[in-house]
Amino acid sequence: MLRIPCPWCGDRDEVEFAYGGEADLAYPGDPAALTDEEWAAYLFFRDNPKGLLRERWVHAHGCRRWFELERDTVTHAIHVRGR
Amino acid sequence: MRFTFAGAEYEGREGETLAAALVRHGILGGFRSVERGRPRGVYSAHEEEPNALVQVGAEPMLRATLVELRDGLVAEPLAGKGRLVAAPAPRCESMHAHCEVLVVGGGASGRAAAAAARGRVILLEQGRCAPLDGVLVLDRTVALGLYERDWVLAVERGRRLWKIRARRVVLATGAIERPPLFPGNDAPGVMLASAYEAYGRPAGATPVSGGFSPRVHLWSQAGGRLRWDERIGAPVPDGELPGVECVGRVTGAGLPDAPPFALPEGDEDEVFVDLERDVTLADLRRAVGAGLRSLEHLKRYTTIGTGSDQGKTANVNAIRAAAELLGVHPGELGTTTFRPPYVPVSFVVVAGRERGPLFDPVRTTPMHPWHVAHGAVFEDVGQWRRPRFYPRDGEDMEAAVLRECAAAREHVAIQDVSTLGKIDVQGPDALEFLNRIYTNAYDSLEVGRCRYGVMCTADGMMLDDGVVMRVGERRYVCTTTTGNAARVLDWMEEWRQTEWPELRVWLTSVTEQWAVAAVVGPDARELLAPLTRVPLDAGSFPFMAIREGEVAGIPARVCRVSFSGELAFEVWVDGRRGLELWEALASAGDATPYGTEAMHVLRAEKAYPIVGQETDGTVTPHDLGMEWVISKTKRDFVGKRSLARPDTSRADRKQLVALLPVNPDALLREGSQIVAAPNERASQGHVTSSYRSAALGRTFALALVAAGRSRYGEVVYAVPPRGEPVPAEIVEAVVYDKEGSRRDGRPAA
Amino acid sequence: MTGVRLREVALPATVTVRGEPPVAANATGPVDGGLAVWLGPDEWLVLGATEADYAHADAVVDVSASRVCFELAGADAAAVLARGCSLDLDALVPGRCAQTLLARVDVLLLRPEETTWRVLVRPSYAGYVRAWLEDALREVE
C-alpha cells in the first residue's frame, strides 16, 4: 500500500488516487497536422522506464486535483513532490 | 474449562494454548502427516509448528500452538489439509492505526525498544505479553507482512486485521529453532528443545536442536539483504534499510553456535527436512541427482517450504543439506523469496465486516422505500440498486416486462431515473469546454433547450452519451449514463485541470441534488396536467425543451426528452422531495411503474445504444450509425483526430444492426458470436442486446456485425455458449416507429 | 464500543463555491453566518448559504440535497472511524477536515470538537454507511 503525497492533502494511501501515467505529454496543439504514426505515438506509446518516471496522479477520493511526482518504478520510492 | 480434541474431552487452563494443554495431558502424538500419513505430535511452541494442525469449527489449518483455549472449544486434527465447512464464520473486522514506532516481537529486546521509543508506540507479540506503560501492546497478534518498509498487516486473535502505518519499524522477532537431521526426527515425542522447556519438560518427550534460524522474514519482505552467518549456520539481516531496524536475537546476537552439520547415517527416507510437506533427505538427494542446482528449483521440485508453515523449521536445513549435496558453501545458495503472509490468514479475516449486506457499498435513490414496498425486483447497476421490474400477481420477469412495455407504448408509465449522472457546468468558457469535450457542437443550443451529445476518448472510441441542458447564459447541466457518472466527471476534470487550465469553467456533480422521474407514454400529458400549471401541449412545450414550474406542488424542472421514442417528460426535483414527487405521480392515475428491464427493451426497439452494452471501448459513433452527432465544423474535439485514422474508417468495421431471429419466438443470448454459416468459426460480431418485444409481438436483438449496414436481408447465425447456432436476419437497427412519429404523443383531437 | 453515540444531523442549505477559498487547505472556518469547508485549491463548501449569497463568485452550485451527515460522539468515536478509514485521525484536529474513504465510500470528515466527528456522505450511500457504522459500534470478540 503505497503512500502518495498529495500536494494539498498530504500523504494518503494509494487507494485514494487514480493513476494518470507518464507526465509531460501535452495534447498536441494541432492534431490535424500530425501523421497517423505521430498521432498513434501520442495515443499509445510510452517510455516505461526501469527507474525514475515522472508521472501524473489524481486524488480521486480526496480533493480531486491532478498533480505530478517522480517515482522509481523499481523501488516505488517517490523522489520529487510537485504539482 | 473444558475442551474437546479428536472427540475426547479434556480440562484446560486459562491462557493455555491447545498445544500446551495436549502436551500437559501427555498427548505427544494425535496427528498425522499430509503425504505419508506418519504419526506426528506437537513439535514447537509457536507459529513455526509443522505438525499440530487443527480445524476449529469453520476455521481450518490453525496451528495448535497459536490456538488459545476457551471453554467449549472443539478441535479436530487435520492431516495437512483443511475442510470448508458450512458453519457460521466468526465476526471479524479491520482496524487502522498510526504510530511513530512499531516494534514486532515482545521478548526482552522488543520490550526494551518499545519502552525507549518516543511518540505513539505499538508492540506486536504473537503470544501473551504483559502491558507496557505508554505503549499499545497487541498480544496474540501475528504480523503478516511488512510492505513498503512502513506498513504492517497483523492479525489479532484471528479476528482483527490491523493495518498499521509506522514511521519506524523495529524488528525484534527472535529466532526459530530447527531440528537436527537424523532418521526418525519426526516421531511423536520428538520436539524442539525450546518447546520442551516451554512445556515444562514433559515426560516421554525427546528434546532436539539443530540450531536457531533468525526470523528474517519481515526484513527480507521489505527488501532487506541477508548474509550467511557461519557461526549460527543461518542467514541474518545484512546492511541497512531506511526506517527498519533489527534488534536482539534476529540479528544473530545471543544465539548459540550451531552444532556442526553433516549428512546423517541411516535411511535418508526417514530423515525429514520438511515435516509439514513430508519431504526427506532422500527426496532432496533425488532432486540434486536430477540436475537441479538452485534453491528455487530444488524447492519447486521437492515442495520443501511450500506447506502452510512455509518451511519455517525446514528452509535453513534445506539450504545446509543442499549445500552438502552440491558441494558448495551454504552462503552461495542464497535463500528463496520471502513473501507475505507470514502465517496463513483466512479470507473471513480479510473480508472483515464487509460481508453479506455490507459486502459492497449499495446506493439507493430517494424513491427506494416505495419500490421496496411495491414489490420491485432489483438489479445492481454498478453500486446502484435499481428496480428491474415490478411483478404483479405472481408474474415472472418476462410477463412483467411485456406488461410494462405495453403500458409505456399504449398508455402511461413512470420510471425512477434519479441515478443518471448529472454535472453542472458553468462559467464564461462553459460553451467552449462542451464543444471540446463532446463530438457535436453546442453553439446554437439556447437557454431552455437540451441536446443529445456523445463524447469519445482521444482514440475516437465512444465513452459516454447523454443530454446537455442549457439552464442559463453560462450554465449547463450534462447528464451521463448511470454507470459512468463518476468516470465522466473525472474525465472532464482531467481535461479541465491538465490540458485546458486557461478555460474559466467549473464542474460540479449534482447527481444527487436532483431526483428525477420519467413520465412516458401517449397519455403522459393526461397524467401530468392535473399536477402542474406548465403548459404541456406540443406547441407550448416542444421536444427537447426545458420548462420550470411546479409539479405536485414541488418546484421542478421538466424536460421533454425520450429514451423510448414515446412522448415523455422528465421531472427533476430537489433530491429531498423525490419520494414525495414519485408518490404523487404513482397515485395521480393508473401510471404503470417500470424498471430497467422494460427501459432496455423500449430503447432497443428504437436502436438507442447503451454505453457499456452496445459499446465496449472499441466502438466509434460511426459504428453505431451516428455520423450526425459528429460535428463537421468544429476545428477539434477530443477524439476527432482518431476518427480520421485508417482503422476507424475501415469498411468491415462492426456496425450496429438489428437481428430478427427466423423463429420469432427464439431469444438470442446476449454475447453470442455471429457467424456467416452454422459450421463457420470466424466471428463476425456479437449480439449486444436481446429481448422479447411487446410492440412487435416477437423477439429481436441488437448486434455489432462486420459491415452490417451493407448486409440487410442476409441471414447469419448467433452461436450460444451451448446449443445450436440460431439463424437471424440482419435488418436496419430501428425496429419500431422508424419515422419517429410517436414522439409527440397522440395527435390533438 | 461503550459510550459512542451515533445520530443523523440535519444539514443547513449548502452551496459549493469556486474561487479563492476563505480557509486554508483541509481546514474549516466561519464565513458570514455559515461554515466554510475547504474542498480544493479553488473550491469550498459553505454550510448555511444559498446560490444568491454567492452570485458574485466564479461559480456557485446549490448542493443542499447532496449530502447527509452522521455524527459520532464520545471518547472512542475515532476508534469507530479507524475501523474503516486509513487517515491518521490524531492529526485531524478540531477545525480541520478531510475528504477520504470510509468503508470504500467517499466521505467528508469534520471534527467540530475533540470527541465529536461528523461524516458527510452522498444520500444514496446513507443506508450502507449507517449500517456499516452501526456494525462498527458492535464489539468484535
Side-chain angles (χ1 to χ4, degrees), chain B residues 70 90-99 120 151 156-157 159-160 163 165 352-358 360-366 368-369 383-385 418-419 424-428 430 474-475 477 486 493 497 504-515 573-578, chain C residues 10-11 13-19 39-43 45 51 57-68 78-92 101-106 121-141:
Chain B
R70 53 180 163 73
R91 264 193 89 219
C92 298
E93 67 175 3
S94 291
M95 186 76 170
H96 291 90
H98 294 256
C99 61
R120 295 170 298 183
W151 201 61
E156 180 187 2
R157 306 188 199 191
R159 295 286 178 272
R160 182 175 292 131
K163 304 177 183 180
R165 189 68 70 175
R353 57 175 33 89
E354 283 151 31
R355 287 158 47 195
L358 294 182
D360 223 9
V362 172
R363 301 178 74 175
T364 55
T365 71
H368 191 74
Q383 291 176 331
W384 290 97
R385 188 143 291 156
S418 303
T419 62
D424 182 289
V425 180
Q426 88 182 238
R474 299 167 161 189
R475 192 167 183 180
V477 178
E493 280 287 355
Q497 289 183 36
R504 294 180 60 72
V505 60
W506 294 273
L507 315 169
T508 306
S509 169
V510 289
T511 297
E512 307 217 20
Q513 183 59 24
W514 298 91
V573 298
D574 183 290
R576 292 164 293 183
R577 301 187 76 175
Chain C
L11 291 175
T14 302
V15 291
T16 292
V17 188
R18 295 313 225 290
L39 294 182
D42 70 348
E43 184 183 5
L45 274 187
E51 284 191 12
D58 285 342
V60 61
V61 181
D62 179 8
V63 290
S64 303
S66 296
R67 287 176 183 81
V68 295
V80 177
L81 292 174
R83 282 160 162 79
C85 178
S86 66
L87 281 196
D88 187 348
L89 296 171
D90 289 342
L92 214 174
L101 291 167
L102 175 69
R104 290 177 290 133
V105 174
D106 289 339
V121 68
R122 303 270 177 216
S124 64
Y125 289 104
Y128 178 85
V129 171
R130 183 184 305 109
W132 191 95
L133 287 171
E134 286 171 351
D135 190 83
L137 287 171
R138 293 170 48 212
E139 295 280 358
V140 164
E141 281 312 302

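Lettering of chains follows the sequences in order, A, B, ..., and the numbering in each one begins at 1. Just so it is clear, the model here is predicted, and its values are computed rather than measured.
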Gap separating the OH atom of C:Y128 from the CZ atom of B:R363, nearest 0.5 angstrom:
13.0 Å

From B:M95 atom CE to C:C85 atom SG, the distance as rounded to the nearest 0.5 Å
11.5 Å

In terms of heavy-atom pairs under 4.5 Å, which option from C:V63, C:V129, C:V105 contacts chain B the most?
C:V63

Portion of B:R385 that has a non-hydrogen atom of chain C nearer than 4.5 angstrom:
neither

Looking at every heavy atom in both C:R122 and B:S509, which two are closest together, and how far apart are they?
NH2-CB, 4.5 Å

Closest non-hydrogen atoms of B:G575 and C:A65, given as atom of the first, atom of the second and distance, are N-CB, 3.8 Å

Structural part of B:S94 lying under 4.5 Å from a heavy atom of chain C:
both

Closest non-hydrogen contact found for B:L358 with C:R104 is O-NH2, 4.3 Å

Side chain from CB out, backbone as N, CA, C, O: work out which of these in B:P366 comes under 4.5 Å of a heavy atom of chain C, or both, or neither.
neither

Is there a donor-acceptor contact under 3.5 Å from the side chain of B:Q426 to the main chain of C:V60?
yes

I'd like to know which of B:D574, B:V510, B:T511, B:D360 tops the heavy-atom pair count under 4.5 Å against chain C.
B:D360

Please identify, among C:A59, C:S64, C:P123, the residue contributing the most non-hydrogen atom pairs under 4.5 Å to chain B.
C:S64

Could you tell me which portion of C:A103 (side chain, backbone, both or neither) has an atom closer than 4.5 angstrom to a non-hydrogen atom of chain B?
both

Chain C interface, residue from B:T364, B:V505, B:T365 that has the most non-hydrogen pairs under 4.5 Å
B:T364

Tell me, side chain or backbone of B:R475 under 4.5 Å from chain C's heavy atoms, or both, or neither?
side chain

Do the non-hydrogen side-chain atoms of C:R18 and B:T508 ever get within less than 4.5 Å of each other?
yes

Any ion pair linking B:R165 and C:D88 (charged N to carboxylate O, less than 4.0 Å)?
no

Counting only non-hydrogen atoms closer than 4.5 Å, does B:Q383 touch chain C with its backbone (N, CA, C, O), its side chain (CB onward), both, or neither?
side chain

At a heavy-atom separation under 4.5 Å, does C:L81 approach chain B through its side chain, its backbone, both, or neither?
neither

Considering non-hydrogen atoms only, spot the tightest contact between C:D135 and B:R353 and give its length.
OD2-NE, 2.7 Å

Between B:W506 and C:D42, is there a side-chain heavy-atom distance shorter than 4.5 Å?
yes

Would you mind checking if B:E93 and C:R83 are paired as a salt bridge, meaning a charged N to carboxylate O distance below 4.0 Å?
yes

With a 4.5 angstrom heavy-atom cut-off, which part of B:H98 approaches chain C: side chain, backbone, both or neither?
side chain

Name the region of B:W514, side chain, backbone, both or neither, that has any atom closer than 4.5 Å to a heavy atom of chain C.
neither

